[in-house]
Amino acid sequence: QVQVVQSGGGLVQAGGSLRLSCVASGSIFGIRGMGWYRQAPGKQRELVAGMPSTSTTTYADSVKGRFTISRDNAKNTVYLQMNSLKPEDTSVYFCKVVDGLGTDYWGQGTQVTVSS
């Protein structure tokens, strides 16, 4: 009933940009927050950028100044604009939606590969 669908990602040269999108739909008990995580090979999933409310954002130190998270509340969509990409940004990126009860819903993941 709850769908979290991601789009975007792909292959880009170092210094380039990509934008990820994530839309939530279906029977969900409100949306408390949305965020982006990534999981590189052999590493644990880490928070990249979060937006617990429409006016609050948080970023991992490694992406500050380069990535921007935003929301379109009318479309239940969250975006991650990634600029000045580095090879170390290469990972599978996951969208997470947290409903009003604190339940997490995850997108399917999308590959981002940055070449040098």
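Here the closest heavy-atom approach between residue Val112 and residue Gly9 is recorded as CG2-CA, 4.0 Å. The shortest non-hydrogen separation linking Ser91 to Ala40 is OG-N, 3.0 Å. Across all their heavy atoms, Ala14 and Ser116 have their closest contact at CB-CA, 4.3 Å. Closest approach of Ile31 and Ala24 over heavy atoms only: CD1-CB, 4.5 Å. Here the closest heavy-atom approach between residue Leu85 and residue Leu18 is recorded as CD1-N, 3.9 Å. For the pair Pro52 and Thr56, the tightest heavy-atom approach, listed with the atom from each and the gap, is CD-O, 3.3 Å.
No side-chain donor-acceptor contact under 3.5 Å links Gln6 to the backbone of Leu20. In terms of modelled atom types and a separation under 3.5 Å, the side chain of Arg32 and the main chain of Val98 share no donor-acceptor contact.
The hydrophobic cluster containing Tyr59 also contains Val78, counting ILVMFWY residues as joined when their side-chain heavy atoms lie under 4.5 angstrom apart, directly or transitively. In the hydrophobic clustering of this structure, Val63 groups with Val12; members are Ile, Leu, Val, Met, Phe, Trp, Tyr whose side-chain heavy atoms approach within less than 4.5 Å, directly or through other members.
For the pair Val4/Gln108, no side-chain contact is recorded, criterion being any heavy-atom separation below 4.5 Å from C-beta on. Looking at Lys75 and Ser21, their side chains never come closer than 4.5 Å, going by heavy atoms from C-beta outward. Ile69 places none of its side-chain heavy atoms less than 4.5 Å from the side chain of Phe67. With contacts defined as side-chain heavy-atom distances shorter than 4.5 Å, the pair Arg38/Leu80 does not qualify.
Between Gln1 atom CD and Ser25 atom OG the span is 11.0 Å, to the nearest 0.5 Å. Between atom CZ of residue Arg71 and atom CG of residue Asn76 there is a gap of 8.5 Å, rounded to the nearest 0.5 Å. Atom CG of Asn73 sits about 9.5 Å away from atom OG of Ser53, to the nearest 0.5 Å. To the nearest 0.5 Å, atom CD of residue Gln111 and atom CG of residue Leu11 are 9.5 Å apart. For the atom pair CD of Gln39 and CD of Glu46, the computed distance is 9.5 Å after rounding to the nearest 0.5 Å.
Ring pair Trp106/Phe94 is perpendicular by interplanar angle, where above 60° counts as perpendicular and below 30° as parallel.
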Criterion side chain to side chain contact (heavy atoms under 4.5 Å, CB included) on Glu88 and Val114, from CA distance to verdict: CA-CA 8 Å; Glu88 51 262 45; Val114 184; over 6 Å; no

List the steps, then state whether side chain to side chain contact (heavy atoms under 4.5 Å, CB included) holds for Tyr79 with Thr68. CA-CA 8 Å; Tyr79 304 94; Thr68 303; over 6 Å; no

Run Asp89 and Met82 through side chain to side chain contact (heavy atoms under 4.5 Å, CB included) and show every step you take. CA-CA 9 Å; Asp89 295 319; Met82 303 183 292; over 6 Å; no

Using the side chain to side chain contact (heavy atoms under 4.5 Å, CB included) rule, take Thr110 and Ser7 through it: C-alpha gap first, then chi angles, then the decisive distance, then the call. CA-CA 7 Å; Thr110 186; Ser7 61; over 6 Å; no

